[in-house]
2 protein chains.
Amino acid sequence: MKKTIFVFSALIISLLLLFKLSSYAYLSGDISKEIVIGVIAIVFFVIGIYINKKSLKKEKTNFIDYKKIEELGISKREYEVLVQISKGLSNKEIADALFVSESTIKTHVSNLLVKLDSKRRTQAIQKAKSLQILSI
Amino acid sequence: MKKTIFVFSALIISLLLLFKLSSYAYLSGDISKEIVIGVIAIVFFVIGIYINKKSLKKEKTNFIDYKKIEELGISKREYEVLVQISKGLSNKEIADALFVSESTIKTHVSNLLVKLDSKRRTQAIQKAKSLQILSI
DNA sequence: CTGTTTTTGGTACTTTAGTATGAGTCCCGA
DNA sequence: TCGGGACTCATACTAAAGTACCAAAAACAG
């Protein structure tokens, strides 16, 4: 919100500056109209690109749908396991990373597969990403 | 490439049109300089946004690094298998999809794991995506 | 046409993954 | 304090996944 106000302020200021520039240009008469128009065009062209880039960055940031996670009944620990699975770790490796036994991880994985309606961990990864509960 | 030429042609044409518009405006004298400048600003602002959007689409479309695939010595058939793996299919399902036996898929997968320096298919998926040989 | 790579497939085996079931601990809200 | 959910772990399976080794077509380049 603050950024939007800043950007629009900058826009108005640059517009006013251009009005002034054009006035001086016509008064002195040594700057052709074409140059003034060219400058205006370039300035607003750049402003257009800048604003667009800023707004697109927010869209691009694939944020995680925490509501969906809750909706599916995936617990905190289960989600941690899911993240590790998506990194390509084995059950044993996940167990070591989370300081629990492999049995525990197997239980978590089994529950995850049911909750994500999947038959394999690879399928679970796919589904989780399509549901936006894992960053792509 | 064709699009780039088209866009720049459009840019030049619109610039020339604005030159003409400004000439008429000053001749007739009933259109203020401010309006002309405003129109120019808005037009190029929009053009800037448009071009940026187009160029970002290409960036966003995560294209596949075919050179890398060749570099790793991954054959055509192996790559097909890799794509199926990333979709979360089992060896049997891949075999059915590609009309070959499960043994063949196992061979391909085994070769893929060596070429992608991975121990598991989940790890292979991760690696392939980080190497940009699979769309994210 | 010949040598090489790719693709296919099999057998036999080891290792992970996943299921089913039961059970103990801990924490939190009613 | 009592029940329930979350987390932990174990055993005993079954089912996939992955390895190793071999071998024969098929495609392909020189």
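Small disclaimer: the values here were computed from a predicted structure and weren't measured. First the proteins, then the strands, lettered A, B, ... as listed; each starts at 1.
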Worksheet item: Taking DNA chain D as the partner, which of residues 86-108 of chain B come within under 4.0 angstrom of it by heavy atom?
Response: B:Ser90, B:Asn91, B:Lys106

Worksheet item: Looking only at heavy atoms, which two atoms of B:Ile133 and B:Tyr79 are closest? And how far apart?
Response: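 Residues B:Ile133 and B:Tyr79, closest heavy atoms: O-OH, 2.7 Å.
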
Item to complete: Would you name the heavy atoms of A:Arg77 and A:Leu98 that are closest together and state the gap between them?
Response: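 Closest approach of A:Arg77 to A:Leu98, heavy atoms only: NH2-O, 3.0 Å.
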
Worksheet item: What does the inter-axis angle of the helix from C:dC1-D:dG30 to C:dA30-D:dT1 come out as, five pairs per end, nearest 10 degrees?
Response: 60°

Worksheet item: Should B:Thr104 and B:Ser101 be marked as a side-chain hydrogen bond (donor to acceptor under 3.5 Å, both in side chains) after you check the CA-CA gap, both sets of side-chain angles, and the distance that decides it?
Response: CA-CA 5 Å; B:Thr104 307; B:Ser101 81; 3.2 Å; yes

Discussion item. Run A:Leu89 and A:Asp96 through side-chain contact (heavy atoms from CB on, under 4.5 Å) and show every step you take.
Written reply: CA-CA 10 Å; A:Leu89 302 188; A:Asp96 292 344; over 6 Å; no

Under 4.0 Å from OP1 or OP2 of [N]: is there any side-chain N or O of [X] that close?
X        : N      : answer
B:Ser75  : C:dT6  : no
B:Arg121 : D:dG18 : yes
A:Ser110 : C:dT19 : yes
A:Arg77  : D:dT8  : yes

Worksheet item: So, A:Glu93 and A:Lys87, do they make that salt bridge, N to O below 4.0 Å?
Response: no

When the distance from [atom1] of [X] to [atom2] of [N] is rounded to whole Å, what number comes out?
X        : N      : atom1 : atom2 : result
A:Leu112 : D:dC7  : CG    : P     : 11 Å
B:Lys76  : C:dT5  : NZ    : C1'   : 13 Å
B:Leu113 : C:dT15 : CG    : P     : 16 Å
B:Ile125 : D:dA17 : CD1   : C1'   : 13 Å
B:Leu82  : D:dG18 : CG    : P     : 12 Å
A:Arg120 : C:dT16 : CZ    : C1'   : 15 Å
A:Glu70  : D:dA6  : CD    : P     : 11 Å
B:Asn111 : C:dT5  : CG    : C1'   : 12 Å

Worksheet item: For the atom pair NE2 (A:His108) and CD1 (A:Ile85), what is the distance rounded to the nearest 0.5 Å?
Response: 10.5 Å

Discussion item. By nearest heavy atom, map B:Glu78 and B:Thr122 onto DNA chain C; which one lands nearer the 5' end?
Written reply: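 It is B:Glu78 whose nearest nucleotide is closer to the 5' end.
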
Item to complete: Ignoring hydrogens and angles, tell me if any N or O in the side chain of B:Lys115 forms a donor-acceptor pair with the backbone of B:Gly73 under 3.5 Å.
Response: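 Checking the backbone N and O of B:Gly73 against the side chain of B:Lys115, a donor-acceptor pair under 3.5 Å is found.
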
Discussion item. Please evaluate residues B:Asp65 and B:Glu71 with respect to the criterion side-chain contact (heavy atoms from CB on, under 4.5 Å), reporting the C-alpha separation (whole Å), side-chain torsions for both, the decisive distance (0.1 Å), and the verdict.
Written reply: CA-CA 10 Å; B:Asp65 192 345; B:Glu71 235 176 87; over 6 Å; no

Worksheet item: Does A:Glu70 CD have over 12 foreign heavy atoms under 6.0 Å away?
Response: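 No, the 6.0 Å shell around CD holds no more than 12 heavy atoms from other groups.
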
